[in-house]
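The basis for the numbers below is simple: all heavy atoms, side chains too, and nothing from hydrogens, waters or symmetry mates. One is the number of the first residue; the rest follow in order along the sequence.
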Amino acid sequence: MTDTPLLPFPSNFLWGTASSAYQIEGSPTADGKGPSIWDTFSHTPGKIERQETGDRAAEHYLRYQDDIRLMKEMGLNAYRFSIAWSRIFPQGNGSLNPAGLDFYDRLIDELLANGLAPVLTLFHWDLPQALQDQGGWPNRQTTDAFADYAAVIARRLGDRVAYWITHNEPWVAAMAGHFTGEHAPGIQDPFAALQSVHHLLLSHGKALQALRSELPAGKPIGITLNLSPVHPASNTPEDQAAAHLFDAVLNRSFLDPLLYGCYPQELLEALGSFFPPIEPDDLRLISAPLDFLGVNYYTRAVIHHDPQTPLIQASQVQPIGNEYSQMWEIYPAGLFELLLRLQRDYPPLPLFITENGVPVPDGVDADGRVRDERRIRYLHQHLVQLQRAIQQGVPVIGYLVWSLLDNFEWAYGYRMRFGLCYVDFETQQRILKDSGRWFAEIVRHNGVPPLPGAQGT
Ligand code: IFM
């Protein structure tokens, strides 16, 4: 790798990859699975680029053993996946589908047999369509269905799952699903968006309670948020105020209720009229102690005052001068900044980087190799920032790359490739990219080389 001494990571650090059910599994009706809102949405004309769907995706439902073998060969020790709720309850609640549960049972046994700690996410956006038909997340009753589903999963898989995550990026589920409508269920309504924010949080609180009572003592439970540092586009008071409000909307809207038991005042002032009724016990449930916080980091947000933006008069600008991926500005220092801010502003809590990765165009060369140098550079820069934060005392327990495989990137379909492993979606052949080999070396050494030209640390 290099002769320079490596920047070390803690012993027992979790190294792995992350995925989600709809993005990789395929087999949308196998073994009694019911439809989810993503099945419906992806089959609605005009919602997904090139009308692509997750019907086949990476066929992980059929090929999970091969995929686990790949991770074992890379020397990883953790794997994050999500459960498709409608495989377990095809109608969202009521009658259980044992064959759906059996799939995850087999998956977990296979992970354990290959030395990978299962990190299970209960909800990664694929709400059963039957629950959407009853109102979805804007309907408070969905919170009870989620807690019942969590209890069933805990009873069946609780002995073997190492880390539990209730929700993945509930902010995105609420906002992209109910405000901008770019994601399923494709609603554009601020009331539905803010109702979803509160009900997703409440469902987390209820599921946490259910998990605590069903799981063996000591099983770590957390939630995963998409978080980004928010910077003002300029020093003007208007831009600074806009960035401050945007931070309340993007980051503190979930962090504060979870970790302090209250919504940010700025958020309530700007958007409070769209919230559903908050019942007396809700914030107590939402802020019950967590064992870790999952952090998904991709980029920062640069914000300016924008009178045209409804409700918050703040919108994002694309700063010039930095490198961009196919989706976002590449801003590695933001990971360090974010982790230190979480340590500074919130009660002490282990942090777990549950996603970090990059969509950059790549492809198979004539000799069969995928030379994705830009992805290697992205991961390298972010791991150096992560190691710096750990050196400064931030308690980070693991790092998971998004993603093991190229997969269905929601409204973009298959155009965005995030994998350490290339997938030919016609033949379903997998090819480990150069980044996958590079990451395997990092894991093997439990350390990352300093960046070229760095003056030590
Ligand atoms: O693919 C998504 C994932 O589902 C949630 N976090 C961000 C990833 C990249 O956009």
Verdict with supporting geometry, Ile286 and His198, side chain to side chain contact (heavy atoms under 4.5 Å, CB included): CA-CA 9 Å; Ile286 291 169; His198 185 62; 3.9 Å; yes
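- Formation of a donor-acceptor pair under 3.5 Å by the Ser196 side chain with backbone atoms of Ala174 is not found in this model.
- The number of heavy atoms from other shown groups lying within 6.0 Å of CD (Gln134) is above 12.
- No side-chain heavy atom of Asp345 sits under 4.5 Å from any side-chain heavy atom of Leu255.
- No donor-acceptor pair closer than 3.5 Å links the side chain of Tyr399 to the backbone N or O of Phe13.
- A tilted orientation is assigned to the rings of Phe146 and Tyr149, their planes being inclined by 30° to 60°.
- Side-chain contact of Ser315 with Asp306: a donor-acceptor pair under 3.5 Å is present, judged by distance alone.
- No option in Trp125, Trp137, Trp85 other than Trp137 meets the ring pair (Phe, Tyr, Trp, His ring centres under 6.0 Å) test with His167.
- Cation-pi geometry between Arg87 and Tyr61 is met: the NZ or CZ atom falls under 6.0 Å from the ring centre, inside 45° of the normal.
- Looking only at distances, no side-chain donor or acceptor of Asp256 sits under 3.5 Å from a matching main-chain atom of Tyr263.
- Of all heavy-atom pairs between Tyr297 and Pro229, the closest is CE1-CD, 3.7 Å.
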Trace of the salt bridge (charged side-chain N to carboxylate O under 4.0 Å, His left out) decision for Arg341 with Asp247: CA-CA 12 Å; Arg341 186 246 179 124; Asp247 180 58; 2.8 Å; yes
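- A donor-acceptor pair is defined here as one N or O able to donate and one able to accept, closer than 3.5 Å; no such pair exists between the side chain of Thr121 and the backbone of Ile165.
- When side chains are defined from C-beta on, Val295 does not count as touching Phe352, because their heavy atoms never get closer than 4.5 Å.
- Of the options Val119, Thr17, Leu14, Leu404, a side-chain contact (heavy atoms from CB on, under 4.5 Å) to Arg80 is made by Val119 and by none of the others.
- Screening Tyr298, Tyr378, Tyr324 for a side-chain contact (heavy atoms from CB on, under 4.5 Å) with Ile330, the sole residue that qualifies is Tyr378.
- Here the side chains of His178 and Ile187 are in contact, with some heavy-atom distance below 4.5 Å.
- Neither side chain, Asn296 nor Thr224, offers a donor N or O lying under 3.5 Å from an acceptor on the other.
- A cation-pi arrangement, defined by a distance under 6.0 Å to the six-membered ring centre and an angle within 45 degrees of its axis, is present between Arg417 and Tyr422.
- Residues Ser27 and Leu62 are in side-chain contact: their nearest non-hydrogen atoms beyond the backbone lie under 4.5 Å apart.
- Between Glu182 and Thr180, the side chains place a donor N or O and an acceptor N or O closer than 3.5 Å (distance only, hydrogens not considered).
- Residues Ser234 and His304 are not in side-chain contact: their nearest non-hydrogen atoms beyond the backbone lie 4.5 Å or more apart.
- Within 6.0 Å of atom CD in Gln91, 12 or fewer heavy atoms from other residues, nucleotides or ligands are found, so the atom counts as exposed in its surroundings.
- The shortest heavy-atom contact between Pro28 and Asp55 is CD-O, 3.2 Å.
- Nearest approach of Ala243 to Val230, heavy atoms of both residues: O-CG1, 3.5 Å.
- The shortest side-chain heavy-atom distance between Glu52 and Arg415 does not fall under the 4.5 Å cut-off.
- Rounding to the nearest 0.5 Å gives a distance of 11.0 Å between CD of Gln428 and CG of Asp66.
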Worked check of side chain to side chain contact (heavy atoms under 4.5 Å, CB included) between Asp102 and Arg106: CA-CA 6 Å; Asp102 289 348; Arg106 293 194 298 274; 3.8 Å; yes
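- Expressed to the nearest 0.5 Å, how far CG of Leu250 lies from CG of Leu267 amounts to 11.0 Å.
- Across every non-hydrogen atom of Ser228 and Ala301, the tightest pair is CB-N, 4.2 Å.
- Note that CZ of Arg371 is 6.5 Å distant from CG of Asp434, once rounded to the nearest 0.5 Å.
- A donor-acceptor contact shorter than 3.5 Å links the side chain of Asn114 to the backbone of Glu110.
- Here the side chains of Ile153 and Tyr104 are not in contact, with every heavy-atom distance at 4.5 Å or above.
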Stepwise side chain to side chain contact (heavy atoms under 4.5 Å, CB included) test for His380 and Leu451: CA-CA 8 Å; His380 190 175; Leu451 290 170; 3.6 Å; yes
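- To the nearest 0.5 Å, the span separating CD1 on Ile376 from OG on Ser435 amounts to 6.0 Å.
- Between the side chains of Asn251 and Trp171, not a single donor N or O lies within less than 3.5 Å of an accepting N or O.
- Without hydrogens or angle criteria, His199 side chain to Gln195 main chain gives a donor-acceptor distance under 3.5 Å.
- For the atom pair CG (Asp372) and CZ (Arg377), the distance works out to 11.0 Å, reported to the nearest 0.5 Å.
- Not a single donor-acceptor pair under 3.5 Å links the side chain of Asp365 to the backbone N or O of Asp367.
- Here the straight-line distance linking atom OG of Ser19 with atom CE of Met71 works out to 7.5 Å at 0.5 Å rounding.
- The shortest distance between side-chain heavy atoms of Thr236 and His305 does not fall below 4.5 Å.
- No side-chain donor from either of Glu25 and Tyr64 sits under 3.5 Å from a side-chain acceptor of the other.
- A donor-acceptor pair is defined here as one N or O able to donate and one able to accept, closer than 3.5 Å; no such pair exists between the side chain of Arg300 and the backbone of His231.
- A donor-acceptor pair shorter than 3.5 Å can be found between the side chains of Ser42 and Tyr22.
- Pro170 and Leu200 make their closest contact through O-CD1, 3.5 Å (heavy atoms, listed as atom of the first residue, atom of the second, distance).
- No donor-acceptor pair closer than 3.5 Å links the side chain of Glu409 to the backbone N or O of Gln23.
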Intermediate values then yes/no, side chain to side chain contact (heavy atoms under 4.5 Å, CB included), His60 and Asn407: CA-CA 10 Å; His60 177 74; Asn407 60 50; over 6 Å; no
Asp105/Arg160 under salt bridge (charged side-chain N to carboxylate O under 4.0 Å, His left out): CA gap, chis, key distance, verdict: CA-CA 9 Å; Asp105 203 89; Arg160 285 157 295 149; 3.0 Å; yes
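- Considering Phe41, Tyr412, Trp38 as possible partners of His183, the one that fulfils the ring pair (Phe, Tyr, Trp, His ring centres under 6.0 Å) test is Trp38.
- Considering Ile397, Thr354, Leu120 as possible partners of Tyr163, the one that fulfils the side-chain contact (heavy atoms from CB on, under 4.5 Å) test is Ile397.
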Step-by-step salt bridge (charged side-chain N to carboxylate O under 4.0 Å, His left out) determination, Arg430 to Asp67: CA-CA 9 Å; Arg430 276 93 163 117; Asp67 295 336; 2.8 Å; yes
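- In this structure a side-chain-to-backbone donor-acceptor pair under 3.5 Å is present from Asp406 to Gly419.
- In plain terms, the two heavy atoms of Pro118 and Leu111 that are nearest each other are CB-CD1, 4.0 Å.
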